[in-house]
Chemist: 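Mind looking over this structure? Questions follow.
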Amino acid sequence: MKVLKFGGTSVGSPERMHRVAELVTQSSEPKIVVLSAVSGTTNTLVQIGKALQLKQVDEANRLTTDLKEHYNSFCLGLLAEKSARKESKAILESHFEILSAIIQNPFSADAEKEILAQGELLSTKLFTAYLKSQGMPAVLLPALEFMRIDANQEPDEAFTQERLKALLDQYSDTKLFITQGYICLNSQNQIDNLQRGGSDYTASLIGAAVKAEEIQIWTDIDGMHNNDPRIVKRTFRIDRLSFDEAAELAYFGAKILHPFTIRPAQRANIPVRLLNTMDAQAPGTLISDHQEDRPITAVAAKDGITAIKIKSSRMLLAYGFLRKVFEVFEKYKTSIDLITTSEVGISLTIDDQQYLSDILQELETYGQVEVDSNHTIVCVVGNMPFQKVGVLKKIVDAIDDIPIRMLSYGGSRFNISLLIDNQYKVETLNRLNEHIFTFPNQ
Ligand code: ADP
Ligand code: ASP
Ligand code: MG
């Protein structure tokens, strides 16, 4: 069994959906195909939720009507046959009725999540209808029947494994399954999701659950690049990445992968291949347990970082002080990314500001607290054991006039992270691009 995930752009137009159908029916090997929402849909659904929250019901209705219009013409391009068009009309009616009904009621967090789920429900149903119309039958597996997160927002992998097996056993002759990325149920049995970009994570969780031979992430670029192609002009594709390198890059901002995608695949030792829907023959990037002997592989950046410094000359070296500090973050379920310490202070970063004021209030009982928001973590990833001298110098030399707020080295041999003010991000990524990489064919 292989798991193939197609992102929003890959199913973003009727022609692209036709292309995905071709790709997934080329061979008869068993597959589970995970689809995102048609590109732009989740953003519109987010806007509908926001309008509802602001009690702008007219705006929510307008956005919904426009979205329905978009899907009406999408279906005309997708499906030619009369019966298939009729089926797609019924699909649109049922999901847009759900949206309209939600909009008539007051906003709630649960309602918002139900709104967000409509994108993947629509794309998978329309795609399955298209396959059927082409005489390529596939079984639609409802993600809400096997994908669940627990009270800590962590995927319930045992549940997924058990439920998926039971579902797949019902269709022992079927080779092609379609399912929704991103959506799941939560511990209250309500509709929830795996956070923006979460379809990658769905694919990896399914891959691990069915012990797939490979997980393929099909997207709009030819694989993982050495730097963020949205920011830096001259980037290049990386052939092979280790799970550790890919996990660091995804977690620290390489948008091609949802931050947690690699963990389930790595635990189950299932290779992950990043492929380009628009250029299916291109080799892509293979992520596996193989580690290349390459000191610097790629760089990624994660925005929206808050730095917190706690200064306490009296307490820092006293045993138990760090525990007290960390307990504050644990209490507010806020994870820490970078940490550096000195004799009189500790600096750390968080990206979730939901409980920032409570956290700060409690930290103030331990010392003097300073906060800097709007920072960016720039993460250089590669195979750099400390014995390999010169890597750090190369990085620091490349950005020698950019103020570095924190520097984290030695936490893992795969990662050196720098904290900078967000205003220096573009400059930093470009300078690193020019100075720390050996471009292929040069
Ligand atoms: P999908 O909709 O298929 O999930 P995404 O937009 O989430 O696609 O991810 C693909 C995009 O990730 C690319 O178009 C690219 O702009 C961006 N990206 C950011 N960093 C990297 C990187 N290091 N390598 C490749 N793509 C990257
Ligand atoms: N549709 C969701 C989003 O846009 C999930 C995904 O595309 O992976 O975030
Ligand atoms: Mg994505």
Side-chain angles (χ1 to χ4, degrees), residues 4-13 16-17 19-20 33-47 49 67 112-113 115-124 143 147 179-184 191-206 215-239 241 245-261 272-279 282 284-285 287 296-303 378-382 425 429 432-433 437:
L4 287 74
K5 175 259 172 179
F6 293 86
T9 333
S10 303
V11 292
S13 67
R16 295 240 164 105
M17 246 193 206
R19 178 78 190 114
V20 172
V33 174
V34 178
L35 296 188
S36 292
V38 167
S39 58
T41 304
T42 310
N43 286 347
T44 305
L45 296 171
V46 168
Q47 285 176 8
L67 191 64
E112 186 184 33
K113 285 169 179 166
I115 294 174
L116 293 176
Q118 303 309 313
E120 271 70 12
L121 292 169
L122 277 168
S123 63
T124 47
M147 197 55 74
T179 192
Q180 299 87 19
Y182 178 60
I183 63 173
C184 59
I191 295 184
D192 213 311
N193 59 64
L194 301 175
Q195 310 293 327
R196 294 302 306 269
S199 299
D200 305 327
Y201 198 17
T202 302
S204 176
L205 289 164
I206 292 178
I215 298 160
Q216 300 182 348
I217 307 288
W218 289 81
T219 183
D220 57 3
I221 189 164
D222 58 353
M224 180 71 81
H225 278 223
N226 71 308
N227 204 328
D228 191 330
R230 295 166 301 174
I231 294 173
V232 173
K233 273 205 190 82
R234 215 167 53 101
T235 61
F236 60 88
R237 179 183 59 87
I238 301 157
D239 274 330
L241 281 171
E245 289 173 321
E248 299 273 6
L249 288 168
Y251 186 74
F252 286 109
K255 192 193 171 224
I256 187 169
L257 287 174
H258 175 283
F260 304 141
T261 308
V272 178
R273 212 180 273 276
L274 310 182
L275 292 158
N276 188 353
T277 314
M278 322 316 160
D279 183 7
T285 296
I287 303 165
I296 295 179
T297 303
V299 44
K302 183 173 170 185
D303 295 332
V378 173
C379 171
V380 181
V381 165
K425 170 181 164 181
L429 291 186
L432 291 173
N433 209 52
F437 294 102

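Heavy-atom basis, side chains included; hydrogens, waters and symmetry copies ignored. Read the numbers this way: they start at 1 and go in the same order the structure lists the ligands and their atoms.
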Chemist: Say whether, by atom type as modelled, one donor and one acceptor occur between the side chain of Asn433 and the main chain of Arg234 under 3.5 angstrom.
Modeler: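 Looks like yes, one N/O pair under 3.5 Å.
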Chemist: Check Lys5 against ligand 1 and report side chain, backbone, both or neither, counting heavy atoms closer than 4.0 Å.
Modeler: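 Side chain only.
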Chemist: Could you tell me the residue and atom name of the protein heavy atom closest to atom 27 (C) of ligand 1, and the distance to it rounded to 0.1 Å?
Modeler: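 Going atom by atom, the protein heavy atom closest to atom 27 (C) of ligand 1 ends up being Pro229 CD, 3.5 Å.
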Chemist: Using heavy-atom distances only, which candidate in His258, Arg237, Lys255 approaches atom 5 (P) of ligand 1 most closely?
Modeler: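 That would be Lys255.
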Chemist: Relative to the heavy atoms of Met224, which atoms of ligand 1 are at a distance of less than 4.0 Å?
Modeler: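 Close to Met224: 22 (C), 23 (N), 24 (N).
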Chemist: For ligand 1, which part of Ile221 has a heavy atom less than 4.0 Å away: the side chain, the backbone, both, or neither?
Modeler: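 The side chain, only.
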Chemist: Specify the protein heavy atom at minimum distance from atom 3 (O) of ligand 1: its residue, its atom name, and the distance to 0.1 Å.
Modeler: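 That would be Thr219 OG1, 2.7 Å.
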Chemist: At what distance, to the nearest 0.5 angstrom, does OG1 of Thr219 lie from CZ of Phe6?
Modeler: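 With rounding to 0.5 Å, OG1 (Thr219) is 10.5 Å from CZ (Phe6).
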Chemist: Output all residues satisfying side chain to side chain donor-acceptor pair (under 3.5 Å) with Thr42, sequence neighbours left out; order by chain, then residue number.
Modeler: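 Result, side chain to side chain donor-acceptor pair (under 3.5 Å) vs Thr42: none returned.
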Chemist: Side chain, backbone, both or neither: which applies to Arg230 and ligand 1 if a contact is any heavy-atom pair less than 4.0 Å apart?
Modeler: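 The answer is the side chain of Arg230.
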Chemist: Please identify which atoms of ligand 1 are closer than 4.0 Å to at least one heavy atom of Gly223.
Modeler: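 Listed by number with element, the hits are 24 (N), 25 (C).
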Chemist: Check whether any side-chain N or O of Asn226 sits under 3.5 Å from a backbone N or O of Phe236 as a donor-acceptor pair, and report yes or no.
Modeler: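 Judged by distance alone, yes, a pair lies under 3.5 Å.
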Chemist: Where the closest heavy atom to atom 13 (C) of ligand 1 is concerned, which of Asp200, Asp220, Ile231 has it?
Modeler: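 Heavy atom nearest to atom 13 (C) of ligand 1 belongs to Asp220.
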Chemist: If you count only heavy atoms, which residues are under 4.0 Å from ligand 2?
Modeler: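 Lining ligand 2: Ser36, Ala37, Thr42, Glu120, Tyr182, Arg196, Gly197, Gly198, Ser199.
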Chemist: Is a side-chain donor or acceptor of Glu112 paired with a backbone partner of Gly49 at a separation under 3.5 angstrom?
Modeler: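 No; judged by distance alone, with no hydrogens or angles, the pair does not exist.
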Chemist: Have a look at ligand 1 and work out which part of Thr235, if any, has a heavy atom under 4.0 Å from it: side chain, backbone, both or neither.
Modeler: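 Within the 4.0 Å criterion, Thr235 makes no contact with ligand 1.
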Chemist: Given 3.5 Å as the limit, does a donor-acceptor pair link the side chain of Thr285 with the main chain of Asp239, or not?
Modeler: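 No, Thr285 side chain to Asp239 backbone: no donor-acceptor pair under 3.5 Å.
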Chemist: Please report the interatomic distance CZ(Arg230) to OG1(Thr235), rounded to the nearest 0.5 Å.
Modeler: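 Atom-to-atom, Arg230:CZ and Thr235:OG1 are 11.5 Å apart.
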Chemist: Which atoms of ligand 1 sit under 4.0 Å from any heavy atom of Gly8?
Modeler: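 The list of qualifying atoms is 2 (O).
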